[in-house]
Amino acid sequence: MTRRAPYDGIVVTTPVSIPYVRFSTRGAHWWIGRALAALVRDSGLSKDRFDGVCATSMSLAPDTAVGIVQHHGLTPRWLDYIPMGGVTGVVAMRRAARAVQAGDADIVACVAGDTNHIDSFRQGLENFSQFGKDAVYPIGTGGPNASFAFLTDYYMRTYGARREDFGKMCVAQRENALAYPHALFKAPLTLDRYMNARPIAEPVHLFDCVMPCAGAEAYLVMREAEARDLGLSFGRILGTIERHNAYTDDPVQYRGGWAMDSGELYGMAGIAPNDIDFFETYDDYPVINMLQFEDLGFCAKGEAPDFVRSHSLTTDGSFPINTSGGQLSVGQAGGAGGFLGTVEAIRQVTGQALGTPVPDARIGLIGGYGMISYDRGVCSAAAILAAGD
Amino acid sequence: MAKPLTKPKRKNPVLRTRAPMLPPAPRSRISLGLTSGAARGAFELQVCRDCGAVQYPPREACRECLSDLLDWTPQRGTGELVAHTTLRHAMENYFRERLPWRLGIVKLDREGANEAPSLIVHVHGDCGEPPCRVRVRAMLDRAGQAVLLALPEKDTPHMSDDPQMRELTCDPKFRKVFVTDGKSPVGQSVVKAMIAAGSDLVWVGEAAPWKKIPGFEEIRALPEVTVVDLDVTNPDSVKRCAGQIGPKVDILVNTAEQHRAYSVGSRYGTENARAEMEINYFGLLRLAQEFGPVMMARGGDTETNAVAWVNILSIFALANNPDQSTFSASKAAAHSLAQAMRAGMHRSGVRVINLYPGPLDVEWNQELRPPKVTPAALARAIVGALQGGAEDVYPGDVAKDWYERWRTDPKVLERELAHGE
């Protein structure tokens, strides 16, 4: 394979989050508009300077990125729409970085926003994909619950993970969330409460599920010189990977596309897994955390349960994960859920954490996993960010 | 092991009859090939003509070689249950009312060079914990669309009583059946077959009480049987009968039939043809108008809801047999009406089952050579469809032969029939 060019001189900056709500009477454009306004406010740039836009939303239909620029009066010369759910935070970053590097755009606004009306989650499920509509939704799966229950069931049987192991991650993330101002879940979670929660789709129980909500996340990608001129603190992109529809012959998904590319990710970044200070995983549902620990090189396949047992996972722990609480505690704001980890990672490496900062956070890993269609998540991605200074 | 079904309690007349809820029906066009097979009782998946890869979910191009030559091909359906879940929560009311509900992933056995697909399926309660061997079948759900069901590798006792299985079938066990004409040899066979299949209340229509027919007194004497007056040519009679039993019928089997074996030229005038249409077409229409709405209203009524409407058509409904031309035409009319009934009734979960038998071994087919379908075999086919889940059935060798030829090329069949082949 051709050696990939590094992202030298390209930075990510201006992480913004619009506080989530369970249900919103606003449209998706309102959420995206608030995020764009926050980018303007925090960067000091006028919106006319955003000459590139990369957007994602799951509740914007019939509009796409085209509707976004018209709605919000932007005139970009580079426009991308990435309807890829949980990988969007990473995918937007790597595409925007290349656009800036090549000079196709100078400043790219990466934005994800979604509303959540009563019943809009169910409607989204009903029309999520052709395979979903033909072969999953009609048999009562209740959305992703059953699909992830299969993955969890298979993983537990094959590798001996216990509910307590998933519980440990959920409890740690909740503890992180208690310090994060935008988290929807503000009540502490104990392992006892986790274990005694009602079953949803066994072995998945209530606290394994994310809460659909409305919200928005955004950040900017630009040249380092530009960020310095503007006085913006920034993070560097050390490496990224993206893979879709990997390992289709696996009877049940027990590994993601990361396993195909993680060597390349660390090679590009010039670091090893033990250089990572914190990991923003894609955590819908907790079993996917374990897949990422394994497939992104922290332990061998099947060893994630032991890995979880041997680490403390809170912001001050030996292996901090989802330092804002993750989607499990903050909420899943549709497509913005795919941005949550990326925006939080930018905050952590730039010293702007809204919650508890990871001590001496220099290098963060972001995992993306998206679009559970039929029996598995189709998209996977990851990125490594480093502090800018 | 499935718990044997016990006789449901009498319905509390004070309680509201619950509205029928259905599983989600929308499918892509390509995916309806699965429904087409399930309607015949077959489990068919697309198989690539170029590379042999089996496909699921249904698609427009081969996932291995991108060929668009994907043929719906019967599958053995054996495989391994590799993961499962029991739903305790559902977004759709149909499932919400029926929780808990078991689902699983089955890895189909590999047949050729390519890996077999994983199937997301309903799981019968008698299947073991994963990993275990299962058989997958395509079944029609209450919305009339195909879904996949994993069954235990070998039959188990009371298997058809499993609640999820029973949602996908129209099993006569503990259901109340109405056989519209109990005097014909077919009617009598159907009554006996329904009782043997576990129906404990069978209403039997009698059109002409003064006609003494061999065997009918024996039917009347059965403890499960109640004889009711019904002349399907008489609108008042149909209305009266529906008023009397309509709100209680779970399965209606229309056995009323007029059959004469005349060609266009062998019988001058339209009197005979009118008599056939009067019963075979207008009779069905009258029944549909009087019994249809009340059965539809009971599509979600407790565990013994209205589930099926059975039409006995004829393979001659698809291609006219010139020696029985007016009979064929009346059955073609009934076939067309039955399609419309299906379009209307599927919204209630009541399944319209059509049988297209070859020539029956009855009086007016005396001159036809065998093979002919005995009334008992036809009755077995009806029970088989109710228990097995098919909605289009072609009983007898002649019917299967004609159906195959009709599917291949109706024009060729028409020419062959015109030349007496």
Side-chain angles (χ1 to χ4, degrees), chain A residues 118-158 197-206 208-209 212 245 247-254 285 287 372-376, chain B residues 22-32 34-35 56-60 63-64 79-92 94-96 98-108 110 114-123 129-131 141 143 145-149 164:
Chain A
I118 306 285
D119 202 43
S120 60
F121 181 69
R122 191 198 60 76
Q123 289 167 21
L125 295 173
E126 195 173 2
N127 298 298
F128 195 73
S129 70
Q130 180 177 324
F131 285 177
K133 188 172 183 167
D134 284 344
V136 181
Y137 191 72
I139 69 169
T141 54
N145 289 332
S147 305
F148 282 96
F150 297 141
L151 267 66
T152 308
D153 178 62
Y154 184 84
Y155 189 89
M156 290 172 82
R157 276 171 208 289
T158 310
R198 67 186 167 93
I200 300 295
E202 286 154 305
V204 166
H205 291 63
L206 186 65
D208 296 313
C209 305
N245 202 32
Y247 305 119
T248 53
D249 286 345
D250 291 349
V252 180
Q253 190 169 40
Y254 65 89
Y285 297 55
V287 70
I372 188 125
S373 175
Y374 185 52
D375 62 337
R376 62 194 67 207
Chain B
L22 296 181
R27 301 286 195 281
S28 69
R29 174 178 285 177
I30 196 75
S31 138
L32 290 178
L34 191 72
T35 295
Y56 191 80
R59 57 191 80 201
E60 306 280 358
R63 68 193 161 94
E64 295 289 342
E80 186 172 280
L81 182 69
V82 291
H84 75 150
T85 183
T86 301
L87 297 181
R88 306 280 173 181
H89 170 274
M91 308 287 288
E92 288 287 336
Y94 173 84
F95 293 103
R96 210 164 159 256
R98 287 163 179 78
L99 296 173
W101 194 271
R102 194 176 174 206
L103 300 173
I105 294 188
V106 172
K107 182 73 174 173
L108 269 190
R110 188 187 181 124
N114 292 304
E115 201 59 53
S118 291
L119 311 177
I120 297 187
V121 298
H122 294 296
V123 179
E129 289 263 310
D141 66 11
Q145 299 289 45
V147 291
L148 301 177
L149 170 68
Q164 282 183 237

### Task
Quick one: pull up CD in E115(B) and CG in D250(A) and give me the separation to the nearest 0.5 Å.
9.0 Å
### Task
Indicate the atoms forming the closest heavy-atom contact of F131(A) with P58(B), along with that distance.
CE2-O, 3.5 Å
### Query
About how many Å separate CG of D249(A) and CZ of R110(B), when rounded to the nearest 0.5 Å?
7.5 Å
### Query
Are any side-chain N or O atoms of Y94(B) and backbone N or O atoms of P138(A), one a donor and one an acceptor, separated by less than 3.5 Å?
no
## Note on the structure
Hits for ring-ring contact (aromatic ring centres under 6.0 Å, His included) against H84(B), two or more places apart or cross-chain, chain-then-number order -> none
### Query
Of the backbone (N, CA, C, O) and the side chain (C-beta and beyond), which part of R98(B) lies under 4.5 Å from a heavy atom of chain A, both, or neither?
neither
### Message
Check whether T86(B) reaches the backbone of E202(A) with its side chain - one donor and one acceptor, N or O, closer than 3.5 Å.
### Response
no
### Engaged part of V121(B) at the chain A interface, taking heavy atoms whose separation is under 4.5 Å
backbone
### Query
Just wondering, do D153(A) and T85(B) contact through their side chains at under 4.5 Å, heavy atoms?
no
### Message
Which atoms of I30(B) are under 4.5 Å from chain A, going by heavy atoms: the side chain, the backbone, both sets, or neither?
### Response
side chain
### Query
Looking only at heavy atoms, what is the nearest atom pair of L103(B) and G140(A), with distance?
CD1-C, 4.5 Å
### Max heavy-atom pair count under 4.5 Å with chain A, selected residue of P57(B), S31(B), P26(B)
P57(B)
#### Entry: Closest heavy-atom pair and its distance - S118(B), P251(A)
OG-O, 2.8 Å
### Query
Above 12 or not: heavy atoms from other molecules or residues under 6.0 Å from CZ of R96(B)?
no
### Summary
In terms of heavy-atom contacts, R157(A) and P130(B) come closest through NH1-O, 3.1 Å
### Query
If only atom types and distance count, is the side chain of D134(A) paired as donor or acceptor with the main-chain N or O of S28(B) below 3.5 Å?
yes
### Summary
CD1 of I105(B) to OH of Y374(A), rounded to nearest 0.5 Å, is 7.0 Å
#### Entry: ring-ring contact (aromatic ring centres under 6.0 Å, His included) against Y254(A), all qualifying residues, sequence neighbours excluded
none
## Note on the structure
Closest heavy-atom pair, G104(B) versus F150(A), reported as atoms and distance to 0.1 Å, is CA-CE2, 3.4 Å
### Task
Using a 4.5 Å cut-off on heavy atoms from C-beta on, say whether the side chain of E92(B) contacts that of R122(A).
yes
### Message
Does any part of the side chain of W101(B), heavy atoms only, come nearer than 4.5 Å to the side chain of T141(A), both counted from C-beta?
### Response
no
